[in-house]
Participant: 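One structure coming up, written as structure tokens, with questions to follow.
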Amino acid sequence: MANSRPLRPAPDDAFPTATSRLQAETEAVLLDHIPTQASSETTQAPAKLHKSAHIQFLARNFIQGFPAKYTSQDASQPWLMFWTLQSFSVLQVGLDPGNKQRAIDTILTWQHPDGGFGGGPGQAAHLLATYASVCALSIAGGPGGKGGWDQIDRKKMYQFFMSLKQPDGSFLVAHHAEVDVRGIYCLLVTATLLDLITPELVEGTASFIASCQTYEGGFSSASQPYYSSVPYTPESLLSSPRPPLGEAHGGYTFCALASWVMLQPFLDLSPRERSQINTKSLLRWLVQMQGSPAEIGGFRGRANKLVDGCYSWWVGGAFGLLEALGVSAAVGPVSPGGGEGVKTSGGEGEGGEDGKDGEDEHEWDDVDDSFFNREALQEYILYAGQHPTGGLRDKPPKNADAYHTMYCLSGLSSAQHHMLPSDERRQQIQDAWKTSPDDDTVSGKIRKEILLTSLSWTEDESAAKIIGGDANRVNATHPVFNLTMTHSEAIVSYFYGQIVPP
Ligand code: FPP
Ligand code: ZN
């Protein structure tokens with residue numbers, strides 16, 4: 001059912017620019033697709049997820065090969081594989097054994113003899129390609145035989161990671177390449193899944209991440225370059241934080257925040273890493289990324305830019321990560337117009353926020369107890385994000401592509417399912433702990449903590465919200481890794497040698 005809030009177009013200062021014209025044109029196109037209070041009865045089509053059209057779109061690419069327009073993505077072959085496999089998983093489609101093996105064999109051709117994975121056979125190893133390859137293997141692969149997991153050269157991968165490490169705790173994305181938080185996220189997910197995290201590997205990384213938070217509240221790609229004349233160390237970063245490089249962006253913000261979440265076990269046990277992020281300004285910025293007018297529901301990636309379906313995951317998915325850090329939605333959703341009813345706790349958000357706006361609270365209280373409008377986001381994806389012939393997209397009238405198909409579906413998943421870290425689940429896993437229950441070394445404790453933190457997410461089923469009815473339900477996905485919980489549990493428990501109870 002269409003939402004029924006009144007239209008509130010983006011404010012305009014009466015001095016049109018290319019940006020404001022594009023915003024107005026985009027709003028008009030979107031309002032044409034998304035039913036609102038102002039839409040006529042005839043445009044109120046039901047919100048339906050066209051699962052079989054999307055499955056056909058994915059299967060065409062996967063079985064017949066990607067069309068020629070993907071030639072420019074020759075160095076992104078692991079991404080095309082991961083986007084396709086993870087889209088199938090979110091849509092609850094499993095691969096048959098023949099196709100699984102074909103995927104595994106293909107992925108392994110991207111492994112570099114000196115560690116890590118490249119963007120295609122014979123290509124240089126890269127952190128982004130490594131994440132996509134290992135995630136794709138988490139989905140298609142398994143232990144033993146030619147399952148792919150045992151063919152990952154973990155020792156060389158660790159050496160590859162260490163060879164990219166910079167004195168400030170950051171990592172180059174590849175040899176002779178740049179530093180950015182996407183690479184750090186990719187490295188941390190891979191190292192977490194494969195049990196490769198060590199204090200040495202992540203020393204200083206949290207401080208570097210914190211230094212990328214901009215005055216806007218979101219995170220930029222990096223902070224002042226590592227080749228600066230000042231010799232940076234984790235300590236010097238803490239005493240004089242360096243300026244972030246560039247503007248806050250949803251993609252980088254997700255990577256930085258997810259990295260921050262993955263680094264928590266290390267931070268808790270390593271008093272040297274005392275850096276903080278400002279969760280309050282981060283929350284405010286994330287909320288401001290909601291599109292306007294409120295009816296169109298999608299997210300933009302940065303200030304004064306257009307909404308785009310892929311930010312359903314990069315920005316929409318970031319709210320759950322903030323909640324995992326103890327920032328809770330105490331009253332209700334926060335309006336992009338400014339009124340808020342939210343309590344923040346933990347980090348610099350400590351102390352809460354009472355700036356409620358009575359009018360907004362009244363207007364939005366039909367939504368639910370969430371930081372953003374989960375209903376409107378689902379409507380954006382269902383009405384504007386789906387291409388009529390299958391696959392999902394940035395926005396109409398664009399074509400569907402593999403990247404937007406996965407990030408729209410993952411965004412839909414995180415808007416439908418409310419995933420939270422659960423003490424009960426944590427205890428269950430701890431109770432089933434198999435070996436060295438009292439390994440009291442710092443690395444033993446960190447390793448255990450990493451496994452528990454990774455797998456203790458569960459869904460608050462009472463908070464599930466499926467717009468358009470149960471036929472639209474998709475699988476829940478891990479808020480940090482963007483793999484299903486089943487795939488996450490399988491690979492993590494294998495590499496940590498632990499039994500994870502169902
Ligand atoms: C701007 O593109 C895009 C960026 C500056 C980078 C975005 C980063 C991500 C999406 C994260 C990727 C994460 C991993 C793990 C690889 P644009 O100017 O075309 O888009 P915009 O107008 O929406 O900002
Ligand atoms: Zn996009």
Side-chain angles (χ1 to χ4, degrees), residues 18-19 22-23 26 30 73 75-83 86 117 119 126-136 171 173-174 177-193 209 212 214 216 218-222 244-262 285 288-291 298-318 321 377 380-381 384-387 391-396 398-412 477-483:
T19 306
L22 196 54
Q23 173 66 27
T26 304
L30 291 171
Q73 299 199 30
S76 297
Q77 294 175 49
W79 284 109
L80 297 174
M81 179 70 86
F82 171 55
W83 296 330
Q86 176 59 0
F117 288 70
H126 194 290
L127 290 179
L128 272 59
T130 300
Y131 161 84
S133 299
V134 169
C135 286
F171 294 86
V173 292
E178 73 282 8
V179 163
D180 83 45
V181 294
R182 293 171 313 159
I184 297 178
Y185 166 77
C186 289
L187 179 145
L188 290 174
V189 173
T190 311
T192 299
L193 295 177
I209 292 287
C212 302
T214 82
E216 293 181 85
F219 288 74
S220 68
S221 63
L245 269 182
E247 69 181 304
H249 193 282
Y252 298 130
T253 299
F254 179 90
C255 292
L257 187 56
S259 299
W260 187 259
V261 169
M262 283 184 275
W285 182 82
Q288 298 290 345
M289 292 301 108
Q290 287 177 107
F299 283 102
R300 63 181 118 247
R302 46 181 160 155
N304 288 323
K305 296 290 311 264
L306 304 173
V307 289
D308 172 342
C310 66
Y311 301 125
S312 306
W313 172 258
W314 300 120
V315 181
L321 299 174
L377 179 61
Y380 179 93
I381 297 166
Q386 299 192 93
H387 191 278
L392 293 99
R393 59 187 171 188
D394 163 350
K395 64 175 75 61
K398 296 199 179 185
N399 283 328
D401 61 72
Y403 164 86
H404 285 95
T405 297
M406 191 198 83
Y407 288 108
C408 285
L409 289 172
S410 301
L412 180 66
T477 193
H478 191 291
V480 174
F481 307 149
N482 198 8
L483 293 168

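Just follow the structure's listing: the first ligand is 1, and inside any ligand the first atom is 1.
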Participant: Hey, is Cys255 touching ligand 1 through its side chain, its backbone, both or neither, going by heavy atoms under 4.0 Å?
Facilitator: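 Side chain only.
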Participant: Do Phe82 and Tyr131 have their ring centres less than 6.0 Å from each other?
Facilitator: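 That pair passes the under 6.0 Å test.
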Participant: Got a second to check how far Gln23's CD is from Lys305's NZ, nearest 0.5 Å?
Facilitator: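 With rounding to 0.5 Å, CD (Gln23) is 11.5 Å from NZ (Lys305).
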Participant: Is any N or O atom of His249, backbone or side chain, closer than 3.5 Å to an N or O atom of ligand 1?
Facilitator: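 Yes: some nitrogen or oxygen of His249 is under 3.5 Å from one in ligand 1.
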Participant: Rounded to the nearest 0.5 Å, what separates atom CZ in Arg300 from atom OG1 in Thr26?
Facilitator: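 One gets 10.5 Å once the value is rounded to the nearest 0.5 Å.
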Participant: Under 4.0 Å from a heavy atom of Tyr252: give me the atoms of ligand 1 that qualify, with their elements.
Facilitator: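 By the 4.0 Å cutoff, the relevant atoms are 5 (C), 6 (C).
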Participant: Any idea which protein heavy atom is nearest atom 12 (C) of ligand 1, and the distance to it?
Facilitator: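 Result for atom 12 (C) of ligand 1: Arg182 CD, 3.6 Å.
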Participant: Return the residue, atom name and 0.1 Å-rounded distance of the protein heavy atom closest to atom 9 (C) of ligand 1.
Facilitator: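 The answer is Gly251 CA, 3.4 Å.
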Participant: Look up atom CD in Gln386 and atom NE2 in His404, then write down how far apart they are to the nearest 0.5 Å.
Facilitator: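 Going from the CD atom of Gln386 to the NE2 atom of His404 covers 14.5 Å.
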Participant: Would the distance check show the side chain of Tyr185 and the main-chain N or O of Val480 forming a donor-acceptor pair, the cut-off being under 3.5 Å?
Facilitator: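 Yes, Tyr185 side chain to Val480 backbone: donor-acceptor pair under 3.5 Å.
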Participant: May I ask you to check whether Asn304 and Thr19 show a side-chain donor-acceptor distance below 3.5 Å?
Facilitator: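 No donor-acceptor contact under 3.5 Å links the two side chains.
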Participant: Please list, in number order, the atoms of ligand 1 under 4.0 Å from a heavy atom of Trp79.
Facilitator: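 Under 4.0 Å from Trp79, ligand 1 has these atoms: 16 (C).
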Participant: What part of Phe254, side chain, backbone, both or neither, has a heavy atom within less than 4.0 angstrom of ligand 1?
Facilitator: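 Contact part for Phe254 vs ligand 1: neither.
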Participant: Does any N or O atom in Lys305 lie less than 3.5 angstrom from one in ligand 1, N or O only?
Facilitator: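 Yes, there is a polar N/O contact under 3.5 Å.
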Participant: Do Arg302 and ligand 1 have an N or O pair less than 3.5 Å apart?
Facilitator: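 Between Arg302 and ligand 1, an N or O pair is found under 3.5 Å apart.
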Participant: Do you see a donor-acceptor pair shorter than 3.5 Å between the side chains of Ser221 and Glu178?
Facilitator: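 Judged by distance alone, the side chains do not pair up.
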Participant: Find the distance between NE2 (His478) and OG (Ser410) and round it off to the nearest 0.5 Å.
Facilitator: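 Rounded to the nearest 0.5 Å, the NE2-OG separation comes out at 13.0 Å.
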Participant: Kindly compute the distance separating CD1 (Ile209) from CG (Leu257), expressed to the nearest 0.5 Å.
Facilitator: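 Result: 9.5 Å between the selected atoms.
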Participant: Look at atom 22 (O) of ligand 1 and say whether a protein heavy atom is found at less than 4.0 angstrom from it.
Facilitator: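 Protein heavy atom within 4.0 Å of atom 22 (O) of ligand 1: present.
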Participant: With 2.8 Å as the limit, jot down which protein N, O or S atoms are around the Zn ion (ligand 2).
Facilitator: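 Listed by chain and number, the nearby protein N, O or S atoms are Asp308 OD1, Asp308 OD2, Cys310 SG, His404 NE2.
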Participant: How does Trp314 reach ligand 1, if at all, at less than 4.0 Å between non-hydrogen atoms: by side chain, backbone, both, or neither?
Facilitator: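 Side chain only; the backbone of Trp314 stays clear of ligand 1.
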Participant: Go through ligand 1 atom by atom and flag the ones less than 4.0 Å from a non-hydrogen atom of Tyr403.
Facilitator: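 Going through ligand 1 atom by atom, the ones under 4.0 Å from Tyr403 are 10 (C).
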Participant: What part of Phe299 sits under 4.0 Å from ligand 1 if we count only heavy atoms: the side chain, the backbone, both or neither?
Facilitator: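 Near ligand 1, Phe299 shows nothing, with every heavy atom at 4.0 Å or more.
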Participant: Tell me which protein heavy atom sits closest to atom 20 (O) of ligand 1, plus the residue, atom name and distance to 0.1 Å.
Facilitator: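 I find the closest protein heavy atom is Tyr311 OH, 3.5 Å.
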Participant: With a 4.5 Å heavy-atom cut-off, do Asn482 and Tyr407 have their side chains touching?
Facilitator: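 Asn482 vs Tyr407: side chains touch.
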Participant: Assess the pair Trp79 and Tyr403: is the distance between their ring centroids shorter than 6.0 Å?
Facilitator: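 For Trp79 and Tyr403, the ring centres are not under 6.0 Å apart.
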Participant: Can you tell me how far CG of Asp308 sits from NZ of Lys398, rounded to the nearest 0.5 angstrom?
Facilitator: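 Output value for this atom pair is 7.0 Å.
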Participant: Between Asp308 and ligand 1, does any nitrogen or oxygen pair lie at a separation below 3.5 Å?
Facilitator: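 It does not: no N or O of Asp308 is found under 3.5 Å from an N or O of ligand 1.
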Participant: So Phe254 and Trp313, would you call those rings parallel, tilted or perpendicular, with 30° and 60° as cut-offs?
Facilitator: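 If you compare the ring of Phe254 with that of Trp313, the planes turn out tilted.
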